[in-house]
Amino acid sequence: MLKIVVCVSGGGTNLQAILDAIDSGSITKTEVLAVISNNAGARALERAKAHGIPGIVMSPRDYPDRAAFDRAFTEEMCRLAPGLVVLAGFLVKIPEEMVREFSNRIINIHPSLIPSFCGVGYYGLTVHERALERGVKVTGATVHFVNEGMDQGPIIAQKAVEVTEDDTPEILQRRVMEQAEWILLPQAIDDIANGRISVENGKVKHKRQDKAR
Ligand code: GRF
């Protein structure tokens, strides 16, 4: 059984997609131990509660400095000891000590086709605003392992989504969620839970024999 902790900051629609996929059986061998949010008002925490999953609030604002938060956050994660940490719209940078402790055991969903529109400052609606400003015709989402760099870890899966001429950032964000994020993230968790993913020389390899993708 893969035990996961999901980290969230906001709406939690990706968390919901994970919970729904566990309920429907499209994610197997997986249990959500806890949901951690830096934002006590996150709707994601209500979604966790509705599922009987413990919610934990940990914000850098509640600590004297960033190093104290990083230490407490890493300690809490070590206490929970998940097999996988899932960042599902989590707006806090993961401490380096946690990246080291959970090497190739932290994944993130990013709402663009990395390496486009990613890195420092590219989060939330901004990603879609920049994509529209640039006039790209295709965008999408990426699930990747988290390393020390921002959005630079090994890519697990990507899915393209069409951009249309009338798109606003909000409309595009919703389409990327519906057509890519809510599909990719649960699929990646199921792949990891079922041992279908490995990292070799900084790149993800999919073992395709057990399940057609
Ligand atoms: C998603 O677009 C995710 O890719 C990004 O933040 C958003 C979170 O949405 N990093 P939600 O909280 O899962 O609804």
Side-chain angles (χ1 to χ4, degrees), residues 1-37 42-56 76-77 79-91 94 98-99 102-114 140-147 151 153-161 173-200 203-213:
M1 192 64 110
L2 179 69
K3 298 189 172 173
I4 69 173
V5 168
V6 185
C7 299
V8 295
S9 295
T13 60
N14 279 287
L15 168 67
Q16 193 66 53
I18 295 166
L19 298 175
D20 291 348
I22 292 174
D23 287 349
S24 72
S26 50
I27 294 179
T28 59
K29 300 184 190 168
T30 300
E31 179 192 335
V32 183
L33 287 178
V35 169
I36 297 181
S37 176
R43 165 111 170 77
L45 287 172
E46 291 168 32
R47 297 179 192 270
K49 196 170 174 195
H51 253 77
I53 296 164
I56 298 167
E76 181 64 5
M77 200 59 87
R79 187 187 68 78
L80 291 162
L84 183 70
V85 178
V86 178
L87 310 182
F90 189 54
L91 299 180
I94 298 302
M98 193 187 292
V99 172
F102 291 87
S103 172
N104 290 334
R105 285 189 294 139
I106 307 176
I107 63 172
N108 179 49
I109 180 85
H110 183 79
S112 75
L113 294 173
I114 289 175
T142 303
V143 190
H144 63 94
F145 283 108
V146 172
N147 66 8
D151 298 328
I155 291 172
I156 299 169
Q158 295 185 296
K159 194 164 187 295
V161 173
Q173 180 181 48
R174 181 76 192 181
R175 190 180 311 117
V176 169
M177 284 177 159
E178 285 175 354
Q179 296 185 7
E181 295 183 44
W182 299 342
I183 299 163
L184 283 184
L185 190 56
Q187 194 171 67
I189 295 168
D190 186 57
D191 283 344
I192 292 167
N194 287 278
R196 288 191 292 266
I197 281 182
S198 61
V199 182
E200 292 167 33
K203 288 190 188 141
V204 169
K205 296 250 186 266
H206 289 263
K207 297 176 197 151
R208 288 160 200 273
Q209 68 271 25
D210 341 16
K211 187 177 171 184
R213 290 177 56 83

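FYI, the numbering just counts along the sequence from 1. The figures that follow rest on heavy atoms only: side chains count, while hydrogens, waters and symmetry mates do not.
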Within the structure provided, determine whether [X] and [Y] are in side-chain contact (heavy-atom separation under 4.5 Å).
X      : Y      : answer
Leu2   : Glu31  : no
Asp23  : His51  : yes
Leu19  : Val6   : no
Gln173 : Pro111 : no
Phe90  : Asn14  : no
Glu76  : Met98  : no
Thr13  : Arg47  : yes

Rounded to the nearest 0.5 Å, how far apart are [atom1] of [X] and [atom2] of [Y]?
X      : Y      : atom1 : atom2 : result
Thr142 : Glu181 : OG1   : CD    : 9.5 Å
Glu46  : Ser37  : CD    : OG    : 11.0 Å
Met177 : Leu185 : CE    : CG    : 11.5 Å
His206 : Ile156 : NE2   : CD1   : 7.0 Å
Gln16  : Arg43  : CD    : CZ    : 7.5 Å
Leu33  : Arg79  : CG    : CZ    : 10.0 Å

Please say which of Val204, Ile106, Asn108, Ile109 ends up in a side-chain contact (heavy atoms from CB on, under 4.5 Å) with His144.
->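 With His144 as partner, side-chain contact (heavy atoms from CB on, under 4.5 Å) holds for just one option, Asn108.
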Hey, which of Val85, Leu87, Ile189 is the one that makes side-chain contact (heavy atoms from CB on, under 4.5 Å) with Ile107?
->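 Only one option passes, and that is Ile189.
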Determine the minimum heavy-atom distance between [X] and [Y], stating which atoms define it.
X      : Y     : answer
Val8   : Ala44 : CG2-CB, 3.5 Å
Ile18  : Ile4  : CG2-CD1, 4.3 Å
Pro186 : Ala17 : CG-O, 3.9 Å

Chi angles and distances behind the side-chain contact (heavy atoms from CB on, under 4.5 Å) call for Met77, Ile36 = CA-CA 9 Å; Met77 200 59 87; Ile36 297 181; 3.9 Å; yes
With no hydrogens and no angle check, do the side chains of Asp190 and Ser26 hold a donor and an acceptor under 3.5 Å apart?
->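 Note: Asp190 and Ser26 side chains miss the donor-acceptor criterion.
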Does the pair Val5 and Ile56 meet the rule for a side-chain contact (heavy atoms from CB on, under 4.5 Å), with working shown?
-> CA-CA 10 Å; Val5 168; Ile56 298 167; over 6 Å; no
For Lys159, does the NZ atom have more than 12 heavy-atom neighbours from other residues, nucleotides or ligands under 6.0 Å away?
->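 It does: Lys159 NZ has more than 12 such atoms within range.
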N/O donor-acceptor pair under 3.5 Å between Ser9 side chain and Leu91 backbone |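 Flag set: sc Ser9 to bb Leu91 pair under 3.5 Å.
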Apply side-chain contact (heavy atoms from CB on, under 4.5 Å) to Val199 and Lys205, showing your working.
-> CA-CA 6 Å; Val199 182; Lys205 296 250 186 266; over 6 Å; no
